[in-house]
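Proteins come first, then strands; the chains are lettered A, B, ... in the order of their sequence lines, and each starts at number 1.
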Number of protein chains: 2
Amino acid sequence: MMTSNEYIKKALQSLKNSPLKTTKQRVDIIKILFSEGNNHFTVEDVHNKIEKLGLNISLATVYNCLNQLTENGIVKSVKTSCNKIYFDTNTTSHHHFFCKNSSTLIDIESKNIKISKLPKIPNGKKLDSIEIVVNLTE
Amino acid sequence: MMTSNEYIKKALQSLKNSPLKTTKQRVDIIKILFSEGNNHFTVEDVHNKIEKLGLNISLATVYNCLNQLTENGIVKSVKTSCNKIYFDTNTTSHHHFFCKNSSTLIDIESKNIKISKLPKIPNGKKLDSIEIVVNLTE
DNA sequence: TACTAAATTAGAATAATTCTAATTTACGAT
DNA sequence: ATCGTAAATTAGAATTATTCTAATTTAGTA
């Protein structure tokens with residue numbers, strides 16, 4: 001199990017290895033995202049934390065930053081049956097519980113869910129990814 | 001295999017059996033939705049067909065109608081990794097291919113996909129539904 | 001230290017959807 | 001058949017999430 005500092009360090013290293021510049025805003029956002037290890041955030045969540053910390057990062061930057069971290073494999077984005085995009089600090093292949101009442105995501109490790117039969121992929125297309133969401137109620 | 005008229009008749013009967021009133025607009029929209037059997041529509045798709053047919057149904061009504069048909073089990077709604085809600089005339093339990101390039105949905109029959117292992121449902125929650133989306137590229 | 005492409009920013013723009021409040025309609029009761 | 005009423009429809013405003021724009025600032029290389 002990694003400590004939160006290790007998660008942050010690792011993510012900052014990925015940022016350095018990416019073509020993205022290491023700006024103050026990106027470092028602050030990465031610290032917020034990875035301060036609790038694997039976690040899920042909406043843009044709103046991140047922006048709220050920024051305000052609470054007294055940091056001054058515009059909403060546009062939060063969007064830009066999260067999108068670019070996603071494009072560069074530092075976080076992952078997840079769409080759910082509510083209308084917001086969630087950003088996931090767990091970039092390994094995995095699936096999700098989604099609780100409709102509380103609008104929260106919970107990771108399902110790959111090894112804990114198994115598909116034993118898949119349909120034939122339509123002609124001319126190729127498999128990109130399989131997303132499984134197990135919807136929960138309270 | 002049902003004919004399109006049979007699909008329409010069946011849906012209109014479900015409308016009659018529901019607490020919803022049988023209005024001209026709802027009948028027109030059901031005819032559009034079910035005229036090709038199982039199919040997927042965005043609100044925009046439906047509204048375009050309405051315009052093309054020279055019908056006069058406001059966008060608000062299309063939204064209201066599709067939402068209420070969904071609430072009453074006459075259609076199903078599907079969220080995809082693009083940001084639109086799709087309405088699905090197939091109300092049986094099934095899954096989807098989603099082609100990211102063309103933004104199209106294709107049904108996967110329940111029997112053609114099988115989950116052989118499921119994680120433990122978190123305490124205090126209960127299983128609502130499992131949504132599997134097999135994302136495709138061209 | 002200076003240069004330049006990239007990043008940040010505020011605010012406008014867009015896109016999908018929902019809300020509002022006035023008008024119209026479906027349909028059960030008369 | 002007609003009436004009364006709750007439900008449905010409507011146009012347009014409002015909201016929500018997100019992206020765009022264009023001016024300013026900054027990171028990192030030369």
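- The separation between B:L69 atom CG and D:dA8 atom P is 11 Å, rounded to whole Å.
- Checked by atom type and distance alone, the side chain of A:S110 pairs as donor or acceptor with a backbone atom of A:S93 at under 3.5 Å.
- For D:dT10, one of the phosphate oxygens OP1 or OP2 lies less than 4.0 angstrom from a side-chain nitrogen or oxygen of B:S58.
- Residue A:C65 is the one, among B:V43 and A:C65, whose nearest nucleotide of DNA chain C lies closer to the 5' end (criterion: closest heavy atom).
- Going from atom NE2 of B:H47 over to atom C1' of C:dA16 covers 14 Å, rounded to whole Å.
- Residues A:F97 and A:I108 are in side-chain contact: their nearest non-hydrogen atoms beyond the backbone lie under 4.5 Å apart.
- Contact check, A:Y63 against D:dT18: a side-chain N or O comes under 4.0 Å of OP1 or OP2.
- For the pair A:N67 and D:dT19, the criterion of a side-chain N or O lying under 4.0 Å from OP1 or OP2 is met.
- Atom C1' of nucleotide D:dA11 and atom CD1 of B:I50 are separated by 15 Å, given to the nearest angstrom.
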Is there any protein nitrogen or oxygen under 3.5 Å from a nitrogen or oxygen in nucleotides 24-30 of chain C, and what are the pairs?
from   : atom 1 : to    : atom 2 : distance (Å)
C:dC27 : OP1    : B:T22 : N      : 2.9

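- Under a 3.5 Å cut-off, the side chain of A:T61 and the backbone N or O of A:I57 do not form any donor-acceptor pair.
- Summarising the geometry, the separation between CD1 on B:I57 and C1' on D:dA11 is reported as 15 Å, rounded to the nearest angstrom.
- Ion pairing between A:K49 and A:D45 fails under the 4.0 Å rule for side-chain N and carboxylate O.
- Spacing between atom CD of A:Q68 and atom P of D:dC20 amounts to 12 Å, rounded to whole angstrom units.
- When the P atom of C:dA7 is taken as reference, atom CD1 of A:I30 falls 13 Å away, rounded to whole Å.
- If you measure from atom CG of A:D28 to atom C1' of C:dA7, you get 14 Å, rounded to the nearest angstrom.
- The main-chain N or O of B:K21 is never found under 3.5 Å from a side-chain atom of B:K16 such that the two would form a donor-acceptor pair.
- Judged purely by atom type and a 3.5 angstrom limit, B:K76 has no side-chain atom pairing as donor or acceptor with the backbone of B:N90.
- A close approach under 4.0 Å does occur between a side-chain nitrogen or oxygen of B:R26 and OP1 or OP2 of D:dT9.
- With rounding to whole Å, A:L59 atom CG is found 10 Å from D:dA17 atom P.
- Residue B:N64 is the one, among B:N64 and A:E44, whose nearest nucleotide of DNA chain D lies closer to the 5' end (criterion: closest heavy atom).
- Side-chain atoms of A:H95 come within 3.5 Å of backbone N or O of A:I132 as a donor-acceptor pair.
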